[in-house]
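Report on the structure given below.
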There are 2 protein chains.
Amino acid sequence: MALELTTAQALQLWQKANLHFVRDEDPDLSMRQMSILLTVYLEAPPHTVRGLASRLNVSKPVITRALDSMGKQNLISRRRDDNDRRNVLIQRTVEGALFIERLADTIMAVASRQEQR
Amino acid sequence: MALELTTAQALQLWQKANLHFVRDEDPDLSMRQMSILLTVYLEAPPHTVRGLASRLNVSKPVITRALDSMGKQNLISRRRDDNDRRNVLIQRTVEGALFIERLADTIMAVASRQEQR
DNA sequence: CTTAAATGGTACGGGTCCGTAACAATTGAG
DNA sequence: CTCAATTGTTACGGACCCGTACCATTTAAG
């Protein structure tokens with residue numbers, strides 16, 4: 001499946017997707033949490049607290065707390081790095097991968113819905 | 001300018017755009033504020049507090065407060081409806097239009113940057 | 001006129017998130 | 001062995017946002 005995308009349509013896509021997550025998504029993740037999750041799943045590992053903090057340009061506690069809450073939802077997991085036990089490696093989970101998959105489908109559905117108008 | 005968009009690329013676009021707004025955007029709007037602003041600028045007027053509240057599926061005070069804060073930044077303005085003075089009409093501003101324009105450019109820039117890889 | 005309905009705003013208590021500053025555990029340099 | 005540097009976490013005070021409940025204004029029905 002593929003779509004043509006002009007500037008105006010990109011903006012509409014952004015609006016529709018945002019609107020969808022505001023309207024319908026149940027306990028929606030904050031923008032920062034979503035960024036962390038997407039970064040972990042779309043960029044190459046390894047991912048550490050400090051690495052994510054500098055990638056997102058936020059403080060370390062933001063990452064720690066986001067990992068706490070997303071960990072409770074089983075969207076990510078943490079493991080100590082055995083090579084350097086100061087590091088914590090952030091890892092993907094099955095639930096997280098499914099979440100990302102549904103996310104992609106949702107965005108694509110929004111995009112094609114607007115295409116059909 | 002136009003881009004092809006597959007499901008994987010739509011997801012990447014969503015990640016890159018979110019990441020950009022987390023990293024770089026100065027006093028970033030919340031997702032709800034952004035939805036309100038985009039709805040006012042991309043959907044047909046008139047826009048009222050109650051209308052936006054039901055469109056976004058949130059309570060009225062959320063809209064009132066968002067309009068307060070975005071009003072201070074001159075991104076939108078309010079005017080009493082002379083036909084029915086209970087209504088408040090939310091109106092676009094020059095600054096808001098410029099903001100939306102830059103927003104569209106930013107998203108498109110993110111999209112084409114990922115295209116070039 | 002009187003009164004009920006509708007609209008937007010405000011008060012309030014509660015929850016969440018933030019960044020700074022401290023802390024514990026671990027590593028590596030000397 | 002000692003101690004400074006690094007990493008992640010926790011404590012804390014403050015800022016922001018939320019929804020419910022109430023209020024003021026305006027409209028329309030009777």
Restricting to nitrogen or oxygen on both sides, can you table the protein-nucleotides 18-28 of chain C pairs closer than 3.5 Å?
residue	atom	partner	partner atom	Å
C/dC18	OP1	A/R32	NE	3.4
C/dC18	OP1	A/R32	NH1	2.9
C/dG19	OP2	A/S59	OG	3.0
C/dG19	N7	A/R65	NH2	3.2
C/dG19	O6	A/R65	NH1	3.0
C/dT27	OP1	A/R85	N	3.2

In whole angstroms, how far is the C1' atom of D/dC16 from the CE atom of A/M31? 16 Å
Below 4.0 Å: OP1/OP2 of D/dG8 and any side-chain N or O of A/T64: no
In whole angstroms, the gap separating C1' of D/dG8 from CZ of A/R79 amounts to 16 Å
Could you tell me the separation between the CZ atom of B/R78 and the C1' atom of C/dT7, rounded to a whole number of Å? 13 Å
Only counting residues at least two apart or in another chain, list the ones meeting side chain to side chain contact (heavy atoms under 4.5 Å, CB included) with B/S77. B/Q91, B/T93
How long is the line joining CD1 of B/I76 and P of C/dG8, in whole Å? 13 Å
B/L52 has an atom CG; how far is it from atom C1' of C/dG9, in whole Å? 15 Å
Going by side chain to side chain contact (heavy atoms under 4.5 Å, CB included), name the residues that satisfy it together with B/V88, two or more places apart in sequence or in a different chain. B/R78, B/R80
Kindly indicate whether the side chain of A/L19, heavy atoms from C-beta on, has any atom under 4.5 Å from the side chain of B/L38. no
Whole angstrom value for the distance that separates C1' of C/dC17 from CD of A/Q33: 9 Å
Note, A/T7 side chain near A/L11 side chain (heavy atom, < 4.5 Å): no
On a heavy-atom basis, the closest approach of A/G96 and A/Y41 is CA-OH, 3.2 Å
Spacing between A/L67 atom CG and D/dG8 atom C1', to the nearest angstrom: 10 Å
With heavy-atom distances below 4.5 Å as the criterion, would you say the side chains of B/T64 and B/V49 are in contact? yes
Nearest-Å distance for atom pair NZ/P, residues B/K72 and D/dC16: 9 Å
